[in-house]
There are 2 protein chains.
Amino acid sequence: MTETGIGTSRSTPATLHDVAREAGVSLATASRSLNGSTRKVNDEYRKRVLDAAARLDYSPNLSAQAVARGTTTTVALLVADIADPYFSSIAAGVVAEADHERLIVTMAATERDPERELELVRTLRGQRPRVMILAGSRPTSDPTEGALGEELAAYERSGGRVVLISRNEFDFRTVIVENTAGAEALARELVGIGYRRFAVITGGEGLRTAADRVEGFRAGLAAAGGTLDDEHVVRAAFTRDGGYDGMRQLIESGLDGIELVFAANDVMAVGALSAVRDAGLTPGTDVAVAGFDDIPTVRDVTPALTTVRVPLEELGRRALRLALGDESASSEGAVRTEVVLRESTPGITR
Amino acid sequence: MTETGIGTSRSTPATLHDVAREAGVSLATASRSLNGSTRKVNDEYRKRVLDAAARLDYSPNLSAQAVARGTTTTVALLVADIADPYFSSIAAGVVAEADHERLIVTMAATERDPERELELVRTLRGQRPRVMILAGSRPTSDPTEGALGEELAAYERSGGRVVLISRNEFDFRTVIVENTAGAEALARELVGIGYRRFAVITGGEGLRTAADRVEGFRAGLAAAGGTLDDEHVVRAAFTRDGGYDGMRQLIESGLDGIELVFAANDVMAVGALSAVRDAGLTPGTDVAVAGFDDIPTVRDVTPALTTVRVPLEELGRRALRLALGDESASSEGAVRTEVVLRESTPGITR
DNA sequence: CTGTTAGCGCCTTCAA
DNA sequence: TTGAAGGCGCTAACAG
């Protein structure tokens with residue numbers, strides 16, 4: 001009954017030992033035929049081992065391999081919020097590239113809580129991942145800032161590779177996104193099509209990505225001749241609801257002649273569009289809206305959203321390649337962005 | 001120079017052995033103070049160990065623990081496409097619940113390729129995850145169907161727990177979604193507000209989820225008095241672009257008196273809305289559209305989409321709880337859905 | 001309560 | 001080429 005090895009109800013996975021015995025060879029030979037880098041096994045033996053493995057439904061224990069080899073095939077990915085299209089697109093890129101390299105991805109969500117992030121990094125470190133990728137910036141002035149840096153540094157000292165995506169807080173390898181330049185280009189184009197009076201909805205205090213985008217936008221306006229009063233810069237959560245609230249605030253303040261509202265990311269911009277509509281106004285016509293990222297959904301909202309395209313999946317891919325020491329990934333410089341004008345900013349004829 | 005243990009540039013992580021030596025205690029004591037379940041360590045020793053660990057920046061090697069304990073703290077999650085809001089929402093739920101249970105999630109994407117899925121299950125099995133969660137159904141008639149089932153069965157025999165989300169192909173624990181009932185209720189309500197002539201955009205041949213929804217919709221129409229001709233059921237990819245193409249086909253065929261198009265999921269429905277608009281028609285007015293899932297973005301498209309709400313994050317949470325043997329999760333029955341009428345189906349007065 | 005000592009499953013010298 | 005044996009980092013009896 002236990003003879004066949006198929007469908008038996010053993011409750012513990014077959015071990016390499018079992019396979020070796022079943023094949024009538026030594027543990028070493030079994031190991032070599034199943035994994036060994038340089039093939040140096042008699043074909044006859046090899047076949048016997050492979051057969052035995054199939055018969056016993058053998059699956060190599062990755063943990064054991066990791067312990068023995070002193071290295072894993074794991075990549076750790078930390079994002080703020082998995083359901084956010086910005087992060088899920090990045091994650092898709094990381095996973096795709098990891099799969100390509102036959103690596104396994106473990107994923108965790110910080111939920112934008114710095115302490116949580118630190119805790120997660122600590123836990124994930126235990127996995128001895130080859131690479132650790134962090135996406136989603138945290139407040140610049142944060143008490144746990146130093147601790148995180150220390151933790152990551154320690155991880156690197158012990159052989160790991162840290163890669164940050166679009167956050168320039170630390171001194172680690174980073175996939176840099178042209179946040180400032182992209183926003184500046186957007187501002188110029190918007191002024192170019194007639195807009196003059198702007199407002200901005202940005203993220204919480206000190207969010208680097210948001211700050212860079214706003215700064216770039218400001219610079220662009222300054223150069224091209226648009227105006228952005230300080231009281232027209234509102235802070236809100238870096239989420240869809242944050243964008244909604246921010247826009248509602250602006251509208252409640254009377255809009256004050258504002259022609260276009262720039263939200264620091266698309267998720268917020270989409271929320272802003274809905275706020276405009278819920279206020280009985282027509283987005284695009286009564287007030288124009290622009291975002292940043294070009295997440296998939298923005299071409300399906302109405303009016304389609306003007307934004308700055310960031311190749312999100314590519315960001316994820318690049319992050320992993322960078323961590324793995326891919327020459328090209330590091331030499332490519334900042335990730336290019338591109339202004340995409342759509343119907344949410346139809347332009348103004350003056 | 002190496003004395004302090006801080007910031008030294010050793011290239012290999014501190015081991016429990018190092019900590020024990022540094023603290024002047026035995027390996028076992030170190031292990032017990034750092035991890036041991038039942039606290040049975042002299043406070044003095046305990047403190048010394050903790051200090052030493054901190055000084056050496058010790059991080060327990062999870063692989064080694066897994067080997068020694070014979071069990072991991074890993075959960076494996078397989079989805080079709082991480083960037084798809086349906087799956088990323090589910091993933092967010094799984095990750096949240098896993099975090100709650102102090103479990104680590106490894107994630108992979110099948111990209112809707114059955115062979116890939118099989119391959120991934122094989123690889124992931126090597127991790128000896130406590131749980132394996134599969135979301136996203138595959139074609140019902142698939143050559144690798146049997147192999148997948150065998151692989152999963154083998155995994156369960158060796159102590160793992162498989163949970164399927166909304167796919168009733170196999171005989172494993174499953175988080176069942178009221179796909180049929182939900183679609184049926186939707187159909188009834190739509191007929192209730194005046195619609196009579198329907199069309200459907202569904203997924204590829206044999207996709208279970210899609211098939212169930214269409215079937216339910218049909219049943220609802222039959223009961224309430226709506227009509228759905230076979231030539232008005234179009235198949236397309238289960239994606240945004242699929243929905244777009246499907247709707248375009250319908251429009252090109254002249255719409256033929258169709259008043260409302262039901263897309264088998266929201267992502268497709270959103271694409272369909274854009275197709276309507278691109279054809280110069282007004283969704284909601286010229287042709288109504290309804291979807292299924294209630295992904296976050298559908299309340300921000302215009303007109304806001306009528307759909308059947310599925311608590312996606314909850315699906316992920318339930319899946320994990322079910323796998324972990326949570327009583328309540330298994331006794332709760334199918335996950336409830338709820339029809340949500342919005343502006344994309346304003347109703348018809350006859 | 002603490003330390004000693006086998007393993008856990010696998011890899012990898014080292015001889016044969 | 002093959003096999004025997006030690007070791008990877010950690011846990012869990014088992015004595016003391």
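Below, chains carry the letters A, B, ... as their sequence lines are ordered, and counting in each starts from 1. Given the structure is predicted, the values throughout are model-derived calculations rather than measurements.
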Q) DNA chain C: B:Y45 or A:H17, which has the more 5' nearest nucleotide? A) B:Y45

Q.
Just N and O in the side chain of B:T15: are any of them under 4.0 Å from OP1 or OP2 of D:dG9?
A. no

(Q) Working to the nearest 0.5 angstrom, can you tell me the gap between A:L77 CG and A:L124 CG? (A) 9.0 Å

Q) For C:dG3, does either OP1 or OP2 sit under 4.0 Å from a side-chain N or O belonging to B:T29? A) yes

Q. Which of residues 64-73 of chain B have a heavy atom under 4.0 Å from DNA chain C?
A. B:V67, B:A68

(Q) Between P on C:dC1 and CG on B:L27, what's the gap in Å once rounded to a whole number? (A) 20 Å

Q | Carboxylate-amine/guanidinium proximity below 4.0 Å for A:D51 and A:R46 | A | no

Q. Would you call A:D18 and A:R55 a salt bridge, using N to O less than 4.0 angstrom?
A. no

Q) With sugar-phosphate meaning primed atoms plus P, OP1 and OP2, does A:S31 contact a base, only sugar-phosphate, or nothing at under 4.0 Å between heavy atoms? A) base

Q | Approximate separation, where rounding is to 0.5 Å, of A:D81 CG and A:T110 OG1 | A | 8.5 Å

Q | Crowding at CG, A:N42 (>12 non-hydrogen neighbours, <6.0 Å) | A | yes

Can you name the atoms? Protein N/O to nucleotides 13-16 of chain D N/O, anything below 3.5 Å, with the distance.
none

Q) For C:dC8, does either OP1 or OP2 sit under 4.0 Å from a side-chain N or O belonging to A:N61? A) no

Q) Tell me: CG of A:L16 to P of D:dC8, nearest whole Å? A) 19 Å

Q) When you check the gap from the basic side-chain N to the acidic O, do B:R318 and B:D326 get nearer than 4.0 Å? A) no

Q.
Any carboxylate oxygen within less than 4.0 angstrom of a Lys/Arg side-chain nitrogen, looking at A:K47 and A:D43?
A. no

Q: Determine: side-chain N/O of B:N35 to OP1/OP2 of D:dT11, distance under 4.0 Å, yes or no.
A: yes

